Amino acid sequence: TGSALVMTSMVAQAQASDPLPIPQWTKTLGDPVLKNPYGLPSPFEKAIIRRETLAADMPGGYNFPTPHSYWSTTPLQDLRGTITPNGLFYERHHAGVPAVEPSEHRLVVHGLVKRELIFTMDQLRRLPTVSSFHFLECSGNGDMVTEGKFGKNVADIHGLLSCAQWTGVKLSTLLEEAGVEKDKARYVLAEGADSAAMLRTIPFQRAMDECIVVYAQNGENLRPEQGYPVRLLVPGCEGNLNIKWLRRLEVTDNPAFSREETSKYSDLTGPDGMAHKSTLIMEAKSVITFPSGGQELPEAGYYQIRGIAWTGRGKITGVDVSMDGGKNWEPANLTQPVLSKCLTEFTLPWRWDKTSAVLMSRATDETGYVQPFIEQLFTARGKYFLYHNNAIQPWLVQSDGSVVYG
Amino acid sequence: TGSALVMTSMVAQAQASDPLPIPQWTKTLGDPVLKNPYGLPSPFEKAIIRRETLAADMPGGYNFPTPHSYWSTTPLQDLRGTITPNGLFYERHHAGVPAVEPSEHRLVVHGLVKRELIFTMDQLRRLPTVSSFHFLECSGNGDMVTEGKFGKNVADIHGLLSCAQWTGVKLSTLLEEAGVEKDKARYVLAEGADSAAMLRTIPFQRAMDECIVVYAQNGENLRPEQGYPVRLLVPGCEGNLNIKWLRRLEVTDNPAFSREETSKYSDLTGPDGMAHKSTLIMEAKSVITFPSGGQELPEAGYYQIRGIAWTGRGKITGVDVSMDGGKNWEPANLTQPVLSKCLTEFTLPWRWDKTSAVLMSRATDETGYVQPFIEQLFTARGKYFLYHNNAIQPWLVQSDGSVVYG
Amino acid sequence: QSDTEAMDCDDRPFCIGTVTDAATIAPWNIDVLPDGTGLPEGQGDVASGAEVYKTGCAYCHGEDGLGGIKPIEDHAGYPALSSTDPTPLSAIDSWPTKNVGTYLPYATTLFDYIRRSMPFVNSQSLSDDEIYSLVAYLLSINKVIPENSVLDKASLSAIQMPNRDGFTCDSRPDTHNEPCMGDCAVPGDDGFDLGVAAKPGDDSQEDCMVVQ
Amino acid sequence: QSDTEAMDCDDRPFCIGTVTDAATIAPWNIDVLPDGTGLPEGQGDVASGAEVYKTGCAYCHGEDGLGGIKPIEDHAGYPALSSTDPTPLSAIDSWPTKNVGTYLPYATTLFDYIRRSMPFVNSQSLSDDEIYSLVAYLLSINKVIPENSVLDKASLSAIQMPNRDGFTCDSRPDTHNEPCMGDCAVPGDDGFDLGVAAKPGDDSQEDCMVVQ
Ligand SMILES: [Ca+2]
Ligand SMILES: [Ca+2]
Ligand SMILES: [Ca+2]
Ligand SMILES: [Ca+2]
Ligand SMILES: [Ca+2]
Ligand SMILES: [Ca+2]
Ligand SMILES: [Co+2]
Ligand SMILES: [Co+2]
């Protein structure tokens, strides 16, 4: 399985005249119930895991020095639908994954409030909940492309992206409970309990309208790699803003300008070396996950082109697909329901005739914004931009059926 | 964590004057990325697993003789939202879980068709897909209640229920590819590749309109316990109909009347001992998951009543909640989006004043059908009915905060 | 014949999936329908079935098919395949023990089930003659057929099971509950309408299994 | 004072969450804002900072803060904390190496970051004086302040970083692409409009960080 399609039809054809054998698993008892009280994938799926991008595929010191400030990618090219199963959710940590004891963990809410509050996890879980489906994406997703490195497959290039159903309490609920001083409040600082103690500045209106303090991920409690027992969720905004292992929320009248808002995670605006201070929103993006880099088409005939699209500005309204390098486009089908600030699956039927073809997808969102080509981003931002690379991703299907970066 | 709420607020109050300690995890590096290439829950979540219902809680030989024809329950009282994470999806097997090799597995489509076809998994995965969210429920869910046994918690009583995003190819696509003879076809027989080789009869219209041959579950390939590598999905219909480890689909003009359509999984219709031959649809049902059996309220004050509702007849249109044993009801909030033949989450704010209270929920679906009391089911079906118990579930919150069957 | 011709591609939406034939499928095509379609050639008598049962089935289902072997204490035992009361289920009013004799509408179900699922730990290992003999034995001890019966395709198809009229189609919904919001009656109160016994369903119910 | 009064329940939507105070929170309240809010009492000079750096930081960040220690071959090294070219980033046109001197808009960021995150394997272990001295040292080797600097709350707050004017607010979207469907130009074709350099954003952008 995995991404490699083998030439099964000819093999099956040759065997078609033999009576079907009865496999051993049809004649003997399988594993009992509760062999795994917490279930695991089939052993035949052992290639479907999170991975690092190999240094050999990213020469030049692209990969970070230490596995504690590093990432791992979701194998998006091997997934279907829009949900990322929890065990395959991408990682991006700055001091590894802390082993937080939930009964000891505390969340402090203070600053420009009438009453400073401390919450235990039990207290947080009592408060009214919201549940919604949202993607998370690192603003560095795809940054190697801006540096002229390309990676092999979707995971390498776009793998810092996942999607789940999140449940928690609205940040506004916590702030109202603390008696937030709305006339003075301009920002909320959010800080983590890992040893990086990541600090980010949340604009107050976004904090009140959008943010959720979440503790459940696809139904069960958060995974350690996603911030167990509690994290901040800022739908549609860069992963780093969504502080994991959340321990403190401070309402302030001034922003922090933390290191992750200046030295890192800030973007050059153009050739003059100026930079943006805050670029929170992840703009509309899409990528074809099949056929995509590293995969192979076994024969001519029908295939379903498929992929995912997403935007931090609400709903995806369309995804167009080109099979000729961008000269002509067709609108793809969007799997319903299309949700706001969530992955959207797109599909399009295609017949391959063994000629080489450059496939690409182009998303449009509810604001009318259209996913750009990378050359447009270089024009707008200069050749040194790094983050928020939402450019169109081309894949070249070669005449032998193998797919590489287009 | 788990279901037990501890009295943390008084403890926290007493400690409120001590400066917050800095935990060890805030001062030292945590685990590196890719410690678990396939991630796992926090060790602190080890109580959140699938379980059997203990014989001590279900006296009288309720539990089946062998772990190979048996079940395990989803801890619904510990989950949030509507997605069941794959590792906690309920099990119901008849010969254990076969270790199917996906490259060897075949799906045969034959019978009243122009051309008999064999599919490999690679071939199935090429065909056009659908992805949608649906619950699966065993028609025996809650059957012990009809026999006067009650179990302790939601998992015990209603735990043969889970929900996921499913991706696969429509059964109609496979049947059209085989050139199904629509004028003659009345049923499709579906058969599994485990050593029970479960056989069920699917009505032809339902097969063409509704059924999906699925291979992905919450984004990744099916779990072995859910039928890896391919199963049938019949949205809204009893779990047993959704044949796992699907190996054969035969279009016929007559039904099978298999053992699982006669001896088992068929329901007495009334006191006269007559039975239904086919009761495929799971009717509207709901259950409060908090506060529910086995849980405990630590103090008076605000709580969010929450639960899940579902129906095999489309969408849930409302869930009403009573806090006084059914005399008075309030409409609960339904988490959006409400999807067809899928779990729907409902919530309702509540203030508990330490007096005992009987809580219950009552679902209504788009057909206007209202979830009944069990006494109504006994009247309609006689005292010996077993399957399709979708009765209202009462929970008694006692004055000490502990919750038991109502 | 080219590969494309063999695949029948011109006539197919996708041309994915390999064309095969009945002989290839035969080892998996094991279902038996109520009219006997699918029954193999072969035959078996009650005495032979008793022998096969004694060595291959009795240690789970009990010597006389009355079951009850309990591999796990406090759990149910392996199911009985017979009972002491042969009255069809639809004719009694006591806690029903659904089993082979009292409940099955068709004898073919018994053949089909044994063929695909039994013995439990080594299924699909019996010969067709052995299955006919087991069906004969089990129907005999359930007092459905005489002890001197010999079953084959024709005679098994002809068996009329005692409970064959005991089934109707799904007639649900079979409750009607008003979504009362205030001052409501509950079961046990005089004002609560418990409803009535459900009417039998008729064969027009769209999901119903109806033998033509 | 009853528990309820202490909890302030009458004035709160839910009365969940325990009331606390600044003294309790203080050990976690470690952020430093651009105007110096949050800086602790204490001070440190460049020479002391050089000593602390040598024993606690140099083995990762390099003897002169030029970094490059590579614990994993083929990966990047630990980041440099200085560079050989002190020109502010916004004044150059070559591949930017963002670092302490050339990029940070506020010196307080450096204090805040070291205070919360460094040393990497044993964070939040430095004294306030040590942090002041490290900041002094790092700003000194970055040619932002003189070697004889002594930093404390007031003097650190007063530092004007070279790149303090190098930032504007988010002005995206910064591309405009027509959803052309047929016979389209692509980048490289004459007919394709690559767009223009983005205009700087202004402080009214709703998410922007603006210091009052
Ligand atoms: Ca105060
Ligand atoms: Ca044929
Ligand atoms: Ca083929
Ligand atoms: Ca057949
Ligand atoms: Ca409290
Ligand atoms: Ca502060
Ligand atoms: Co950004
Ligand atoms: Co049923």
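Below, chains carry the letters A, B, ... as their sequence lines are ordered, and counting in each starts from 1. Here the structure is a predicted model, which means the values were calculated and not measured.
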Under 4.5 Å heavy-atom distance to chain D, tell me which part of [X] shows up: side chain, backbone, both or neither.
X	value
A:T201	side chain
A:D320	side chain
A:L280	both
A:R247	both
A:E177	both
A:L174	neither
A:I281	both
A:S69	both
A:P331	both

Proximity breakdown for D:V210 and chain A, heavy-atom pairs closer than 4.5 Å:
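Contact with chain A is through both the backbone and side chain of D:V210.
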D:N29 portion near chain A, given a 4.5 angstrom heavy-atom threshold
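Its backbone and side chain both get close to chain A.
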If we count only N and O atoms by modelled type, under 3.5 Å, do the side chains of D:S204 and D:D202 hold a donor and an acceptor together?
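Short answer, yes.
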What I want to find out is whether A:D253 reaches A:K184 closely enough, with some N-O distance under 4.0 Å, to be called a salt bridge.
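Here A:D253 does not pair with A:K184 in a salt bridge, since their nearest N and O are not under 4.0 Å apart.
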Indicate the atoms forming the closest heavy-atom contact of A:Q376 with A:P372, along with that distance.
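Scanning both residues, the minimum pair turns out to be OE1-CA, 3.4 Å.
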Quick check for you: among A:A256, A:G61, A:P255, A:G111, which has the greatest number of heavy-atom pairs under 4.5 Å with chain D?
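Top count of heavy-atom pairs under 4.5 Å with chain D: A:P255.
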Taking the six-membered ring for Trp, are D:Y103 and D:F167 closer than 6.0 Å centroid to centroid?
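Judged by ring-centre distance (under 6.0 Å), D:Y103 and D:F167 do meet the cut-off.
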So D:Y78 and D:H61, would you call those rings parallel, tilted or perpendicular, with 30° and 60° as cut-offs?
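Taking D:H61 first and then D:Y78, their aromatic rings sit tilted (interplane angle of 30° to 60°).
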Parallel, tilted or perpendicular: which one describes the rings of A:F64 and A:W71, with boundaries at 30° and 60°?
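The arrangement is perpendicular - the two ring planes meet at more than 60°.
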